[in-house]
Amino acid sequence: MPVSVVVTTYNRPDALRAVLDGLGAQADRAFEAIVTAAGSRDDTRALVERTSAGFPMPLTHVWQEDEGFRAGAARNRAVERARGDYIVFLDGDCIPRPDFIARHRALAERGWMVAGNRILLSEGFTAMALRERLPLHAWSARQWSEARRRGDINRTLPLAHLPLGPLRKIAARRWQRVRTCNLGVWADDFRRVRGFDESFEGWGFEDSDLAVRLLNAGVRRKEGAFATGVLHLWHRDNDRRHEGRNWELLQQRIRSRETLPARGLSSS
């Protein structure tokens, strides 16, 4: 099953470098990585170009003009370039551990999306890890337990591996907590609902809208917790000036039961 990993970034090359370090260390290397810039400076492009030369799998860069944070549009442009049958969305500040791709591949099932989870790193720990280029993707359970005792992370539970079995499908119709910082979806399902709605601009709810429309189209939600957890680097709060508008767009979509966005991928 060809897999495409779409990494969304916005003017944070130090965090992106840590994410690419994690992707480059994957046990399962049968995937391509596409870094899509939601409007970024040239240093992001330069980082991807330098890294791609020695990267163990195909690594490409998709760029759009910096007109503010437009994550939905950036992800759509990446999927237009993707060759995989299965898309894994990952944010450019969320570090994957070495079994991330293998776990997503194992959970992939036709008719289902896989919603993963994360642990949150503190501001000070994030700054130190990026400054010293700590290989967080390769840390052991003991190292993370020590980090929890120091208050460097908010929890360790998402790092555990549990089979769960049928419990993974217990919230099959729930759109809440589906985040594109860690989400697996079949490419044909994504294209069938025309991807992200690009009328969502700035921070907020474009991933919830995608989840709602996928559910409306018959795709169900599978729990990726205790399998695919990522390490979310600290960042300042996003500009939330569009939060209220985006929330109302989401509520309209929930009420309408629509599957298509106002402005998304081309139907061709």
Mind checking the CG-CZ spacing from D93 to R12? Nearest 0.5 Å is all I need. 5.5 Å
Side-chain contact, heavy-atom cut-off 4.5 Å: T44 with T9? yes
Ion pair present between R75 and E206, side-chain N to carboxylate O less than 4.0 angstrom? yes
So does R131 pair up with D14, basic N to acidic O under 4.0 Å? no
Answer yes or no: are there more than 12 heavy-atom neighbours, outside L120 itself, under 6.0 Å from its atom CG? yes
Restricting to side-chain contact (heavy atoms from CB on, under 4.5 Å), what partner residues turn up for R168, sequence neighbours left out? L107, L164, K222, E223, F226, A227
Contacts of type salt bridge (Lys or Arg N to Asp or Glu O under 4.0 Å), residue R77, not counting sequence neighbours: E80, E198
How many angstroms lie between atom CG of L121 and atom CD1 of I153, to the nearest 0.5 angstrom? 7.0 Å
The criterion is side-chain contact (heavy atoms from CB on, under 4.5 Å); which residues satisfy it with A46, sequence neighbours excluded? R50
Are more than 12 heavy atoms from other residues, nucleotides or ligands located less than 6.0 Å from atom CZ of R255? yes
Compare all side-chain heavy atoms of E248 with those of E243 and state whether any distance is below 4.5 angstrom. no
State which residues pass salt bridge (Lys or Arg N to Asp or Glu O under 4.0 Å) with R150; sequence neighbours excluded, sorted by chain then number. D152
Which residues share a side-chain hydrogen bond (donor to acceptor under 3.5 Å, both in side chains) with R257, sequence neighbours left out: N216
For the residue pair F100 and H104, categorise the inter-ring angle as parallel (less than 30°), tilted (30 to 60°) or perpendicular (more than 60°). perpendicular
Quick one: which residue pairs count as a ring pair (Phe, Tyr, Trp, His ring centres under 6.0 Å) with a foot in residues 118-137, not counting sequence neighbours? F125-W139
Output all residues satisfying side-chain hydrogen bond (donor to acceptor under 3.5 Å, both in side chains) with R110, sequence neighbours left out; order by chain, then residue number. D188
List the residues meeting side-chain hydrogen bond (donor to acceptor under 3.5 Å, both in side chains) with R174, not counting sequence neighbours, and say none if there are none. none
Partners meeting side-chain contact (heavy atoms from CB on, under 4.5 Å) with S199 (sequence neighbours left out): D197, R245, L249, A262, R263
Are R45 and W63 in a cation-pi contact, defined as NZ or CZ under 6.0 Å from the six-membered ring centre and within 45° of the axis? yes
ring-ring contact (aromatic ring centres under 6.0 Å, His included) partners for Y86, two or more places apart: W186
How far apart are the C-alpha atoms of L265 and F196, what are their side-chain angles, what is the distance that settles it, and do they pass the side-chain contact (heavy atoms from CB on, under 4.5 Å) test? CA-CA 7 Å; L265 286 175; F196 288 93; over 6 Å; no
side-chain contact (heavy atoms from CB on, under 4.5 Å) between L183 and V88: does it pass, once the steps are laid out? CA-CA 6 Å; L183 176 68; V88 176; over 6 Å; no
Who are the side-chain contact (heavy atoms from CB on, under 4.5 Å) partners of A129, not counting sequence neighbours? L134, L136
Rounded distance (nearest 0.5 Å) linking atom CG of N117 with atom CG of L157: 8.5 Å
CG (D91) and OH (Y10) are apart, to the nearest 0.5 Å, by 14.5 Å
Would you mind reporting whether W234 and S122 have side-chain heavy atoms less than 4.5 Å apart? no
CZ of R253 to OG1 of T259, rounded to nearest 0.5 Å, is 9.0 Å
Could you walk me through whether H161 and R103 satisfy the side-chain contact (heavy atoms from CB on, under 4.5 Å) test, starting with their C-alpha distance in whole Å, then the side-chain angles of each, then the deciding distance to 0.1 Å, before giving a yes or no? CA-CA 10 Å; H161 290 152; R103 298 277 178 177; 2.8 Å; yes
Examine distances only and state if a side-chain atom of R118 and a backbone atom of I95 form a donor-acceptor pair shorter than 3.5 Å. no
Give, for atom SG of C181 and atom CG of D207, the distance between the pair rounded to the nearest 0.5 Å. 8.0 Å
Could you go through L90 and L23, starting from their C-alpha distance and side-chain angles, then the distance that decides it, and tell me whether this counts as side-chain contact (heavy atoms from CB on, under 4.5 Å)? CA-CA 10 Å; L90 180 68; L23 286 175; 4.2 Å; yes
For R155, the side-chain hydrogen bond (donor to acceptor under 3.5 Å, both in side chains) test, sequence neighbours excluded, returns none
